[in-house]
Every structure is written in structure tokens, then in C-alpha cells.
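Each chain gets a letter, A, B and so on, in the order the sequences are listed, and its residues count up from 1. A quick note: this is a predicted structure, and the numbers were derived from the prediction, not measured.
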Protein chains: 2
Amino acid sequence: MLWHDAAARYAAGGPVPGAAIERTASMHCGTCAARHVGLCDALSADGLAELADAACWCSLPRGCILMAEGEPGAHFINVSHGTVRLSKDMQDGRRQVIGFVSTGAFVGLGAEARYSFTATTLDEVRFCRFDRTGLRELFLRYPVLEQRLLAAACNELALAQGQMLLLGRKPARERLATFLIDWSSNFSNREPTALVVLPMCRGDIADYLGLTIETVSRCLTAMRKQCLIAIDAEHNISIIDRTTLQAIGSGATN
Amino acid sequence: MLWHDAAARYAAGGPVPGAAIERTASMHCGTCAARHVGLCDALSADGLAELADAACWCSLPRGCILMAEGEPGAHFINVSHGTVRLSKDMQDGRRQVIGFVSTGAFVGLGAEARYSFTATTLDEVRFCRFDRTGLRELFLRYPVLEQRLLAAACNELALAQGQMLLLGRKPARERLATFLIDWSSNFSNREPTALVVLPMCRGDIADYLGLTIETVSRCLTAMRKQCLIAIDAEHNISIIDRTTLQAIGSGATN
DNA sequence: CGTCGCTTTGATTAATGTCAATAGAGGTGG
DNA sequence: CCACCTCTATTGACATTAATCAAAGCGACG
């Protein structure tokens, strides 16, 4: 699996095995899964065409770096398929995953000079890439875009605040329960389902929850033994007792 | 000290000892410390007058609740003086402070139906309170306001992500060092000063850093013994060795 | 069939939380 | 002005959680 090779090639602007990059995105709008969410849904056909002309449509395999913390924040991404991991890394290797995003998400929102986190593909990811400077002029003519971005930013802020509560005050068991409930509700499917598909590995879950791989594994095993969940496969978990899991996640049990 | 009395009275809309509330804010704009930051600075005199007419000018003593988590998010606040603590609380008493804000800060940004956190005054706080519905119409006519809010939200998001890294991956010592450096740079004064004035108590620091009061106290004592800081008074800390403190905060030492 | 990467499990250690007591600071009233 | 009271912070002894270190299991893939 030569995925860092792919990541390096993408970062360097060179050809990536398994990747597709096209100069304009418009031809994909008709079939895009993000067509009716977030940014694109706010626009009329004309506006959408303009937006698409400003975008570059891309598809990348697993393990590519879409943007790297500290690099100039030239781009802005709208994910149309797949899952992206956002993380902050320290020099000594410690990593905090600050979020997982999928269809419809904007990445690189902040108008900062440099990216404040690294974005990595967890599976095959298709997305539209915008040039930040080119987009600014479009915003002036379509204020609704700025409204959508503001709404998205506020939503992300609320999620971040919930995660601060989790990281600062919840023990491992509660963190895992919260994670499973959140993931089963917000992602993979519209309404909560028993089956939770986790595109990330245990290490990513650990880095998201501020734990170690071992603790994540032990907690999952404990939950399985208590018949709260079933581990169908490493990345497929079934929620058996949602009510109890929710109670644990909100700290209502001991 | 009857401060929860004051909080209860403010929440109930009744008179608060030490509080001043006026229907319009315009007469205070000339002397407002937030006049040339954030929202208000973006507007011309005409726009500012309109904005001020939509606002209610308030002053509250220490310990009042400006907004409570879970209540309908009817208002939106622009702080012009003092410090406000933002926190999320769990049923069993666990608390996570998600931020401290002061002059120029917007509180209640998210267009959500209900507040996602509780805002409490830490000292005497003066602020402008806006009606969310009344403000929306103003936004349509002054798109620059929405731009400012978006910039503010993105900035807060970046801070929240940094705090996630702190809560998820830094040990107590690094958390305290980061906190002191951040507070000395971002608040109290424009450029970093040796003297750090902390308007919050140890318990608030602990709840902000995901620690206990005892651990905060012990770490501060240890730093004092290592001559990194001096504790002039409980709320006045002098930074003696900023370089080392910064290194500790970023995880560069062991 | 063997190797590599990821996950699980076990034994031990270290960091931080909990419980308890003491020490200061600030305010109040005699 | 001083004694007292209360609230906050500090310090100490001990308990507990989760991290670390180490090894084995499992699956995918060549």
C-alpha cells in the first residue's frame, strides 16, 4: 500500500495513482452527493455554474493529505464523497484528531493565512477544491454563500464545544459511548441505525477521544461483554442497547 | 455576597442590585471600549446608529448569568467591558469551561434555537444585548456584519481546536503553561506582559483545563519553585521565564 | 505459507483525582 | 483595631484511572 507515496505526489502537485483531477467541476454537479446540501444547495443554476467554474473537481484514494497544518491556506474544499480526518500534530508525535467530516462538509473555512490543521483522506474521497482568492469575489455577489458558511462555522463551533466537554470531563467509557452514539446519528446515515460503520482505525478513534489505542480496545470489549454493542467486524459495530449507551455517554450512569 | 440573587433577578428580568439596563445603546457608543473592534468597527456612523438602536445597553455585577445553556437563544451579546465565563455543565456537577471572553467578543453567535452553553460574569461586565430576530434584517442590509461574524466564528473555531489538542493530549503541566502564555498574550493587554491578571478563580481555571483545583494549585506551586513564575497574589501571576514556559506549553520539554 | 499491519489482551507504572486537613485573605462586627 | 468568620487556595496521604510496555492473535495480501 503506497499511500504516502500518493500523499506526497498530491502535495507536490504531481500525478497520484488512483487520483483524478479536473480543472472545472461543473460536469459533476448533476451527480454530486453534496448538490443539495450546504453551499451548493443555496444557489440557483446560474450561481451554481459560476461556483463550479471556480472549482477544481478531484478524487483521491485513501491516505492522501488534502491540506497540511502550517501551510499557506490557499484552498478551500467541499467534500462530496468519502471521509476526511482533521488533525493537529505535535512535534513529538502526539496527535489530536479534531474531527471527521464527510459529504457536504467545508474544510479550510477559516480565512486564516495558514491551515490550522491537517486533512487526510480516510477512504476514497471526491471533493471540489476552490481557490480562496477566486472565491472571495463570488461571495460579494452571492451573500447567501457567506450566510451558509457562517451557519456551518457556528455548527462546527457547537460540535467543538461538545468535544471539549468530552475531552475535559468524561472518562474513557463515556467518551466511547458518546462517540458511538454521535457517529450513528450524524454520519453514515440520516437517522440513527443499529449498524455503525467506522471508516477510521482504532488509532484515529483514540486520537479523537484523547485516549490510547489500548484503552479504546478495552472499552469496546467491555461494552461488547455487557451486550451494549456487537463488534461484527473491526469497522462495523452494531448498537444493541442504544438507550443505555446514550445514558453512559451523557454521564447518567456510574 | 448576594450574587446568585443578582443572577436570579437578571434571569427573571427583575431589577438587579448593581445593574444598569437601558433600552438603547447609542448614547454609550462614543465611550465604548468595543467601538473600534469587531462588529461596531465595521460600520459607518449611520450603520452604527441603526445597530445601536437595535441594542440594549447593560451593566451587571460579578456572578450574573447572561445566558443559560438550553434556554431559547433569543439574544446575542457584544461585550464592551469585563470578563465572561462560558461553560457547559453536566447533571452531576461536572463542568467544562469552554472559554473566557472579554472586550469586543460576541457571545451567542450560533443561530441555533437554544444556547449551547452558559455565560456568567466574572467581574463587572458591560455589554450590548441584541435581539436576534431584529438583527437579522440589519444583516441583510449590511453584509459586512455577516463577514465579521464569520471571521469571528472562524477565529473561535481555531481556538477551540487548539483547546481540543490541549485537553486531549497535554499533561497538566503543559496545560497550565499554555494557559498562562495564552492569557498573557491574548487578554489583559495587547502585547505580552510579564504580569498576568487572572479574573477567574482556580476552580474556573481547573474547569477550563480539564483538571482539578488541587492539580492546578500544585502545578502553579511547582512552577513557582522552579522560578518560571511568581505568584504575586492569587489572581496576579508574573511570568519570569517566558521562553521556558512557552517551550513547556508546546510540549518541547520533558 | 509467511509477513505485515492492526487489534486485542495482560502486567505494571505513572499521572491525576479524591479525600482530608491546614493556611491565608478579605470582609464584618464588636 | 482586632477577633472572628467565611471563602478560597494550598498541601499532604492515598486511591484510581488510563498510559506504558510487552506479547499474542487475527486478517489481508503477496
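The minimum heavy-atom distance linking Lys88(A) with Gly162(B) is given by the pair CE-CA, 4.1 Å.
A donor-acceptor distance shorter than 3.5 angstrom exists from the side chain of Thr121(A) to the backbone of Pro61(A), with no hydrogens or angles considered. Counting only distance, with no hydrogens or angles, the side chain of Ser238(B) and the backbone of Ala194(B) share no donor-acceptor pair below 3.5 Å. Side chain of Gln163(B) to main chain of Tyr208(B): a donor-acceptor pair is present (N/O by atom type, distance under 3.5 Å, no hydrogens or angles).
Atom CZ of Arg173(B) and atom C1' of dA14(C) are 16 Å apart (whole Å). Rounded to whole angstrom, the span from the CZ atom of Arg62(A) across to the P atom of dC6(C) amounts to 7 Å. Between the P atom of dA18(D) and the NZ atom of Lys170(A) lies a distance of 14 Å, rounded to the nearest Å. In this structure, the CD1 atom of Ile213(A) is 14 Å from the C1' atom of dA18(D), given to the nearest Å. Look at CG on Asp92(A): it is 15 Å from C1' on dT20(D), rounded to the nearest Å. Counting to the nearest Å, the C1' atom of dG26(C) and the CG atom of Asn236(B) are 15 Å from each other. One interatomic measurement links the two molecules: CG of Leu209(B) to C1' of dT16(C), which rounds to 14 Å at whole-angstrom precision. Rounded to whole Å, atom C1' of dA15(C) lies 14 Å from atom CZ of Arg94(A).
The side chain of Arg202(B) lies closest to dT10(D) when the candidates are dC6(C), dT10(D), dT8(C). Nearest nucleotide to the side chain of Thr215(A), out of dT11(D), dT8(D), dA19(D): dA19(D). Nearest nucleotide to the side chain of Thr221(B), out of dT7(C), dA18(D), dT10(D): dT10(D). Distances were taken from every side-chain heavy atom of Leu211(A) (C-beta onward) to each of dA19(D), dT8(D), dT16(C); the shortest belongs to dA19(D). In the set dT8(C), dA9(D), dT16(C), dA9(D) carries the atom at the smallest distance from any side-chain atom of Ser217(B).
Using a 30° and 60° split on the angle between ring planes, Phe76(B) and Phe106(B) fall in the parallel class, below 30°. Using cut-offs of 30° and 60° for the angle between ring planes, the His28(B) and Trp57(B) rings count as parallel.
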Contact string for nucleotides 21-30 of chain D, one letter per nucleotide 5' to 3', B = base within protein heavy-atom range under 4.0 Å, S = sugar-phosphate only, - = neither, reads B---------
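Each of Leu220(B), Asp241(B), Thr221(B) was scored for a side chain to side chain contact (heavy atoms under 4.5 Å, CB included) with Ile229(B), with one residue passing: Leu220(B).
Close to dA18(D), at under 4.0 Å from its OP1 or OP2, lies no side-chain N or O of Thr212(A).
If you find the closest nucleotide of DNA chain C to Arg169(A) and to Lys225(A), the one lying nearer the 5' end belongs to Lys225(A).
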